[in-house]
There are 2 protein chains.
Amino acid sequence: MTPSPTAKSPADAASIFHRPARTRRVDPSLSLERITASTVALLDREGAAALTMRALANELGAHASSIYWYVDRREDLVDLATDFVFGPAAGRTPKGDWEHIIRTTATEMYTALTDHAWAAEFAGQRPLLGPNALTLVSRIIRALDSTGATGKDQAIAGTSISNLVLGAATASAAARHLRLDDGESALTQHVIAAVQQVTEPANPVAAWTAYFDEGLDMLIHGWRTRTGIFT
Amino acid sequence: MTPSPTAKSPADAASIFHRPARTRRVDPSLSLERITASTVALLDREGAAALTMRALANELGAHASSIYWYVDRREDLVDLATDFVFGPAAGRTPKGDWEHIIRTTATEMYTALTDHAWAAEFAGQRPLLGPNALTLVSRIIRALDSTGATGKDQAIAGTSISNLVLGAATASAAARHLRLDDGESALTQHVIAAVQQVTEPANPVAAWTAYFDEGLDMLIHGWRTRTGIFT
DNA sequence: ACCTGAACACCGTTCAAGT
DNA sequence: ACCTGAACACCGTTCAAGT
């Protein structure tokens with residue numbers, strides 16, 4: 001295991017986005033792009049637990065060991081697939097005032113993570129550090145910067161918004177995992193009773209989704225109060 | 001198959017004094033409590049990936065298959081261990097006004113999840129629905145209820161606070177996973193540069209932790225504005 | 001350069017059998 | 001009731017060998 005010549009610390013090799021790309025040949029049957037697309041397809045179709053090297057190889061019409069010519073480990077596949085789902089949002093460029101840009105971008109991130117629940121499932125194991133994720137995060141930071149807030153206040157808002165997105169998506173993914181979105185199940189009823197939220201809403205998963213916007217709202221309002229920015 | 005020294009001949013069964021003792025074990029060597037404690041110890045010591053049935057069995061001085069008499073599957077161990085770390089917080093009863101109760105409880109949940117990073121790692125796969133977790137969540141809901149806010153506003157605040165806790169803990173766990181807390185690594189530097197946060201803070205992981213309180217602050221301020229509650 | 005096939009050292013889980 | 005031991009059907013990853 002020889003570290004790349006540019007690696008300054010052992011941590012550098014831990015992310016595929018920071019390892020040098022391999023040189024390509026003319027007619028390889030596999031490619032990082034094909035592998036990424038198949039990984040996403042497999043995850044979307046069968047969920048996080050179904051991502052095995054052998055299942056992916058089968059999807060690609062290749063042998064499991066062939067995949068290792070393109071990636072170093074299974075985790076790389078997760079990183080590639082996760083960043084892939086942020087692609088469409090990263091490709092768009094929202095116009096408007098800073099608040100609109102923040103709302104739009106945060107919501108797009110949240111939507112990507114809930115449309116592909118496996119991505120939220122992996123979020124505790126793999127940070128969202130792919131190029132598309134970084135594009136979205138820095139878009140939010142730039143919007144915050146345009147308000148004239150201090151660097152510290154920008155950092156506070158940026159991390160809090162990012163944490164809210166991640167937490168909402170994570171909770172939604174976990175709930176789906178237990179089929180908590182089945183409002184009729186005894187487990188769901190038990191949870192509802194336990195938190196004494198019997199009347200409203202009837203379905204906690206629906207609530208988590210519905211209330212993401214409201215949570216973002218509260219966060220932005222609180223930040224305005226804190227910074228005194230009411231543009 | 002060597003006969004043990006206590007092996008009985010057929011004649012022994014003729015006398016009650018020589019029949020084997022009652023089958024119910026007075027002192028079973030395993031128990032859910034022991035299994036839970038060992039699971040937590042193993043996870044704390046070696047991390048989420050180290051939790052295998054065989055490793056746990058080794059920790060317990062038993063065979064892996066024995067664990068299945070107490071739990072149905074490996075996921076049950078994760079659920080038990082995760083709820084266990086909420087035990088101390090659930091055992092305490094914070095006194096004070098609603099805001100203090102909410103701050104204390106949310107912070108205790110966040111601390112439990114970051115002190116045991118594996119718990120945050122699993123949060124996307126297993127919802128936090130153990131008795132201790134539900135105790136803490138309903139404590140927050142009750143505090144919100146005491147403000148006289150509508151059921152909907154309570155639900156919004158409750159889910160948003162819970163989402164912030166979960167997201168902050170998840171981001172922290174994922175960052176640790178990539179050793180992003182090594183502020184010197186090129187990966188960390190690259191991320192900092194990418195989000196154009198070069199000056200402050202120097203270390204994003206430290207920031208996530210430090211800014212949890214501030215995020216909670218913003219959320220509560222925003223909720224006050226929304227509901228008009230300024231008690 | 002790319003890909004295969006076999007092999008290694010693991011997994012979670014089941015189940016007949018023992019006590 | 002509780003625990004063992006062996007077995008099954010998998011895993012991720014490595015590596016010599018092929019093209």
Step-by-step side-chain contact (heavy atoms from CB on, under 4.5 Å) determination, A:S162 to A:V137 = CA-CA 8 Å; A:S162 156; A:V137 168; 5.6 Å; no
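Here the CG atom belonging to B:L80 is positioned 6.0 Å from the CG atom belonging to B:L32, to the nearest 0.5 angstrom. Rounding to the nearest 0.5 Å gives a distance of 12.5 Å between CG of B:L113 and CZ of B:F122.
Applying the Watson-Crick and G-U wobble criteria (two distances, each under 3.5 Å), D:dA6 pairs with C:dT14. Across all strands shown, C:dA1 forms a Watson-Crick or G-U wobble pair with D:dT19, both key distances being under 3.5 Å.
Here B:L77 lies out of heavy-atom contact (under 4.0 Å) with every strand. If you check every strand for non-hydrogen atoms under 4.0 Å, B:L51 touches sugar and phosphate atoms only.
A donor-acceptor pair is defined here as one N or O able to donate and one able to accept, closer than 3.5 Å; no such pair exists between the side chain of B:N163 and the backbone of A:L164.
Nearest nucleotide to the B:A64 side chain, out of C:dT13, D:dT14, D:dC3: C:dT13. In the set D:dC2, C:dC3, C:dT14, D:dC2 carries the atom at the smallest distance from any side-chain atom of B:P28. Ranking D:dC11, C:dT13, D:dC3 by closeness to the A:T52 side chain, first place goes to D:dC11. Of all nucleotides listed (D:dT13, C:dT13, D:dC3), D:dC3 comes nearest to the side chain of B:W69. Of the candidate nucleotides C:dA7, D:dC3, C:dT4, C:dT4 has the atom lying nearest to any side-chain atom of A:S65. Side-chain proximity of A:H63 to C:dT13, C:dT4, D:dC3: nearest is C:dT4.
Between the CE atom of B:M53 and the P atom of D:dC11 there is a distance of 18 Å, given to the nearest Å. Between the OH atom of B:Y68 and the P atom of C:dC15 there is a distance of 12 Å, given to the nearest Å. Look at CG on A:N58: it is 13 Å from P on D:dG12, rounded to the nearest Å. For the pair B:I67 CD1 and D:dC2 P, the computed distance is 16 Å after rounding to whole Å. B:I35 places its CD1 atom 8 Å from the P atom of D:dC3, with the value rounded to the nearest Å. Counting to the nearest Å, the P atom of D:dT4 and the OH atom of B:Y70 are 10 Å from each other. We find that CD of A:Q125 is positioned 13 Å from P of D:dG12, with the value rounded to whole Å. Separating the CG atom of B:L30 from the P atom of D:dA1 is a distance of 16 Å, rounded to the nearest angstrom.
Of the two residues contacting DNA chain D, namely B:R54 and B:S29, the nearest-nucleotide position lying further toward the 5' end is that of B:S29.
Taking a cutoff of 4.0 Å between a charged side-chain nitrogen and a carboxylate oxygen, A:E59 and A:R54 do not qualify as a salt bridge.
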